[in-house]
2 protein chains.
Amino acid sequence: MVDSRGRRSVIEAAGNLCRRVGLPRTVGQIYGLLFLSPRALSLESIAEQLGISKASVSTGTRQLASWGAIRQVWVPGNRKDHFEAIPEIGGLIRNAYRQILKPRLDASQKRAAALIEVLRQDYETGALTKEEFDFCCRRMHTLSRLQKGLQSFAPLLEQIL
Amino acid sequence: MVDSRGRRSVIEAAGNLCRRVGLPRTVGQIYGLLFLSPRALSLESIAEQLGISKASVSTGTRQLASWGAIRQVWVPGNRKDHFEAIPEIGGLIRNAYRQILKPRLDASQKRAAALIEVLRQDYETGALTKEEFDFCCRRMHTLSRLQKGLQSFAPLLEQIL
DNA sequence: GATTCCGTTCAGTACGGACTGAACGCAGTA
DNA sequence: TACTGCGTTCAGTCCGTACTGAACGGAATC
């Protein structure tokens, strides 16, 4: 178990943050622990310091490594895997945006455009009245304006982080 | 049940979006339905068009109204409550930021500052070595730099949406 | 080649929370 | 005052999923 109150509280905060974003809390805890550890830690050491199973640590470290949040390092004369945090969180956020959010935004914009065609079909088959169809089209336009606005964030994000 | 394919797909998308953000999917579905409805809908009508219970609609509409995402309107000669969407989603995001994200950011920044003091106590009580203490302090500083960066988003967000 | 020491995988459990159905409260109506 | 129609509340169920413990595989040591 971690003995420092200060460390514990940031580990807890990191866990809660992850949970809030839909990630396993253990993932946040692992990163928090490594973030405040001057030396790379073994999988077993992480497990016992956090009081969780080695299985959770194993899957958690895989996730974190796949995102470039931690790195696996060799400790000579030691067969265990050791992990250390990569402290550039801004870069992580930037990557998350580029690889996850941005593609999703682009895709949803395309789908929104295609949707108007579907709505027209619904209108022609009588599933929508003229009034409903017109209204939906107008609403879809306000949606794409919003999407445009969100996408204009991209360069700002890349610039600041 | 909703009869238009186009409408169904945006309702589904809204539901998934909410679920991904940690909100009940029904909340997104309700907003999606109202967003594409030219007339205000009764609680009962919402329930049957979405195929969910009136209880869910009741709690969902309360949530949405508390965020200013929908509005309750009176339909003369009709005892039922009716709801309509407020289509300015950008404003919703702005409010969510002001009322939820920003306070949280500010609080966490304060806590981070206080944490250094806790870490010092841990060091003095022997829970941390000097090396660990110094390292933690440096890491906390990189954290507050990140927080500063995130906070500099604020004016941009307010400006764009 | 046998053994020990790792890390991973997988089936099973536990838990949180969304959703439901029924009971309740409360207005309007007779 | 009884009754009906409406929305809310609450206990209970259901579902997704994070987490665990044990079994497995693989590499290094003897």
Side-chain angles (χ1 to χ4, degrees), chain A residues 1-2 11-34 40-67 69-84, chain B residues 1-2 11-34 40-67 69-84:
Chain A
M1 267 300 188
V2 178
I11 290 170
E12 183 188 347
N16 290 339
L17 176 61
C18 277
R19 201 172 58 89
R20 193 171 293 275
V21 182
L23 270 51
R25 72 164 356 119
T26 51
V27 166
Q29 292 176 352
I30 293 169
Y31 184 79
L33 175 61
L34 294 177
L41 299 179
S42 71
L43 189 146
E44 191 180 13
S45 160
I46 295 173
E48 65 188 26
Q49 287 197 58
L50 293 180
I52 61 181
S53 70
K54 287 198 301 175
S56 292
V57 179
S58 176
T59 62
T61 49
R62 283 176 74 84
Q63 292 250 35
L64 288 165
S66 77
W67 300 332
I70 67 176
R71 169 195 303 135
Q72 191 168 346
V73 297
W74 269 98
V75 172
N78 195 325
R79 287 169 53 187
K80 299 183 181 180
D81 294 347
H82 285 247
F83 301 92
E84 67 180 16
Chain B
M1 267 301 188
V2 178
I11 290 170
E12 182 187 348
N16 291 338
L17 177 60
C18 277
R19 201 172 57 90
R20 194 170 293 275
V21 183
L23 269 53
R25 73 165 353 119
T26 50
V27 167
Q29 292 176 350
I30 294 169
Y31 184 79
L33 175 61
L34 293 177
L41 300 179
S42 70
L43 189 147
E44 190 180 14
S45 160
I46 296 173
E48 65 187 27
Q49 287 197 58
L50 294 179
I52 61 181
S53 70
K54 287 198 300 175
S56 292
V57 179
S58 177
T59 62
T61 48
R62 281 177 74 86
Q63 293 249 35
L64 287 165
S66 77
W67 300 331
I70 67 175
R71 170 195 304 135
Q72 190 168 346
V73 297
W74 270 99
V75 172
N78 196 326
R79 286 170 53 186
K80 300 184 182 180
D81 293 348
H82 286 247
F83 300 93
E84 67 180 15

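Here is the naming used below: chain letters follow the sequence lines, and residue numbers restart at 1 for every chain.
Side chain of A:Thr61 to main chain of A:Val57: a donor-acceptor pair is present (N/O by atom type, distance under 3.5 Å, no hydrogens or angles).
Between the CG atom of A:Leu43 and the CD atom of A:Gln72 there is a distance of 9.0 Å, given to the nearest 0.5 Å. Once rounded to the nearest 0.5 Å, the distance linking CD1 of B:Ile52 with CZ of B:Arg25 reads 10.5 Å. How far CG of B:Leu17 is from CD of B:Gln29: 12.0 Å, rounded to the nearest 0.5 Å. Note: B:Glu84 CD to B:Leu41 CG = 10.0 Å, rounded to the nearest 0.5 Å.
Between the NE2 atom of B:His82 and the P atom of D:dG5 there is a distance of 16 Å, rounded to whole Å. Protein atom CG of A:Asp81 is 16 Å distant from nucleotide atom P of D:dG26, rounded to whole Å. The separation between B:Leu43 atom CG and D:dT8 atom C1' is 10 Å, rounded to whole Å. Atom-to-atom, CD of B:Gln63 to P of D:dT9 comes out at 12 Å; the value is rounded to the nearest Å. With rounding to whole Å, A:Gln72 atom CD is found 15 Å from C:dC6 atom P. Atom CG of B:Asn78 and atom C1' of D:dG5 are 11 Å apart (whole Å). Taking atom CZ of residue A:Phe83 and atom C1' of nucleotide C:dC6, one finds them 11 Å apart after rounding to whole Å.
At C:dT8, one or more side-chain N or O atoms of A:Ser58 fall inside 4.0 Å of OP1 or OP2 (strictly under the cut-off).
What you find for A:Ile46 and A:Phe83 is that their closest heavy atoms are CD1-CD1, 4.2 Å.
Applying the side-chain contact (heavy atoms from CB on, under 4.5 Å) test between A:Val2 and each of A:Glu12, A:Gln49, A:Glu48 identifies A:Gln49 as the sole match.
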With a 3.5 Å cut-off and sequence neighbours excluded, list the donor-acceptor pairs that the side chains of residues 73-80 of chain B form with protein atoms.
residue : atom : partner : partner atom : Å
B:Asn78 : OD1  : B:Lys80 : N            : 3.0
B:Asn78 : ND2  : B:His82 : NE2          : 3.4
B:Lys80 : NZ   : B:Glu44 : OE1          : 2.5

Indicate for each nucleotide in nucleotides 15-30 of chain C, in 5' to 3' sequence, whether protein heavy atoms under 4.0 Å reach the base (B), only the sugar-phosphate (S), or nothing (-).
-> --SSSBB-----B---
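When the C1' atoms of four end pairs are superposed on the next four at each end of the helix from C:dG1-D:dC30 to C:dA30-D:dT1, using five pairs per end, the two resulting axes differ in direction by 10°, to 10°.
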Go through the steps to decide whether A:Tyr31 and A:Leu23 satisfy the test side chain to side chain contact (heavy atoms under 4.5 Å, CB included), and finish with yes or no.
-> CA-CA 12 Å; A:Tyr31 184 79; A:Leu23 270 51; over 6 Å; no
